[in-house]
Protein chains: 2
Amino acid sequence: MTAQRRVVAEVLDGEHVHLTADEVHARAAAKLPEISRATVYNTLGELVSLGEVLEVATDRRAKRYDPNAHRPHHHLVCAGCGSIRDVHPAGNPLADLPDSERFGFTVSDVEVTYRGLCPNCAAKA
Amino acid sequence: MTAQRRVVAEVLDGEHVHLTADEVHARAAAKLPEISRATVYNTLGELVSLGEVLEVATDRRAKRYDPNAHRPHHHLVCAGCGSIRDVHPAGNPLADLPDSERFGFTVSDVEVTYRGLCPNCAAKA
DNA sequence: ACTTGACTTGGATTGAGTCCAACGTAGGAT
DNA sequence: ATCCTACGTTGGACTCAATCCAAGTCAAGT
Ligand SMILES: [Mn+2]
Ligand SMILES: [Mn+2]
Ligand SMILES: [Zn+2]
Ligand SMILES: [Zn+2]
């Protein structure tokens, strides 16, 4: 556990945010100015493979890192500004996929992404 | 309607494939060797905004272009090799998102991505 | 003190996609 | 028939996120 890893973990701690690697780097650098982008990427990658943080890739923009790995949830994404909210829809989409639609795959996970415009972007449009 | 647009449309015609822009370019260039990547991107972009073709972005790799825009469907993606199958799950995930989970967003679309291993990759693992 | 190994760094590199100025060409105007 | 114009195409430069890598730093163990 180095100082660099600690500040990255601190940045992601607590609130349900969905930060890009650059945003994590900016916030980490506020506490530890000499931290490099490479280290932020390395540390985020480790947290992801430990299952502590989820990667959310909603489009061709930067991936977002989600510390809310404990409770399963899905995402509502604004097509305008890219902002993300956690959502907990009813229903179980895994159960909605019949065997006849699985083609012999071992289906382990399902990801549901709602898209639309946030109030802010809807007002501008 | 130019020769370039026609070959791009032909490449996407018919089968339920999910080709990357580069794959479309390669197949188009087999029929019209001087076609440029820029024109393939331009034409794909036009087909997408006409609603004739869907963009599918399952990860940080290249977007895939899906000519099966007529019947709504979702995707089953192999985590091993990246191959994609069309699936038609039961249920309506849009209806599963209550107003209290919409945060004032104008929700227009939902995308469901099942992940797992195809029979081939499961055998290897 | 010396060695070892793990971690960090900044810069180079990659990959997908976009941008843009120059070019070619088909159709219409004169 | 010639000229003009608008549109489509081209290739290369460029962007942006992410990864790679060789060199540097540091702490622990001997
Ligand atoms: Mn989340
Ligand atoms: Mn499809
Ligand atoms: Zn927005
Ligand atoms: Zn596979």
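Chain A is the first sequence line, chain B the second, and so forth, proteins listed ahead of strands; every chain is numbered from 1. These numbers come from the heavy atoms of this one structure, side chains and all, not from hydrogens, waters or symmetry mates.
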Spacing of B/K63 atom NZ relative to C/dG17 atom P, expressed in whole Å: 6 Å
Among D/dT10, C/dT9, D/dT9, the nucleotide that comes nearest once only the side chain of B/I35 is considered: D/dT10
Candidate nucleotides C/dG17, D/dT10, D/dA18, ranked by approach to the side chain of B/S36 - the nearest: D/dT10
Protein-nucleotide distance (B/L44, atom CG; C/dG17, atom C1'), rounded to Å: 12 Å
B/Q4 vs B/R37, nearer the 5' end of DNA chain D by closest nucleotide: B/Q4
Among D/dG8, C/dA16, D/dT10, the nucleotide that comes nearest once only the side chain of A/R60 is considered: C/dA16
Under-4.0 Å side-chain N/O to phosphate OP1/OP2 contact, B/Y41 with C/dT18: no
Touch class at under 4.0 angstrom, heavy-atom based, for A/R5 against every strand present: sugar-phosphate
Gap between atoms CG and C1', on A/D22 and D/dT15 respectively (whole Å): 13 Å
Inter-residue atom distance B/I84.CD1 - B/T113.OG1, 0.5 Å rounding: 8.5 Å
Below 4.0 Å: OP1/OP2 of C/dC7 and any side-chain N or O of A/T2: no
Atom-to-atom span, CD of A/E23 to P of D/dA17 - whole angstrom: 10 Å
B/H18 and B/Y65, any side-chain heavy atoms less than 4.5 Å apart: no
Min side-chain heavy-atom separation B/Y41-B/S36 under 4.5 Å: no
Nearest-Å distance for atom pair CG/P, residues B/L32 and D/dG8: 16 Å
Nearest-angstrom distance from the residue atom CE of B/M1 to P of D/dC7: 17 Å
Rounded distance (nearest 0.5 Å) linking atom CG of B/L97 with atom CZ of B/R102: 4.5 Å
Gap between atoms NE2 and C1', on A/H25 and D/dC16 respectively (whole Å): 16 Å
d(CG, A/L47; P, C/dC7) in whole Å: 13 Å
Closest to side chain of B/A62, choosing from D/dA18, C/dA16, C/dT9: C/dA16
Path from B/V48 to B/V24 over hydrophobic side-chain contacts below 4.5 Å: yes
Annotated protein contacts, base or backbone, on nucleotides 21-26 of chain D with a non-hydrogen cut-off under 4.0 Å, one of B, S, - each: ------
Inter-residue atom distance B/R5.CZ - B/N42.CG, 0.5 Å rounding: 7.5 Å
Flag side-chain contact, heavy atom, 4.5 Å: A/F105 against B/R85: yes
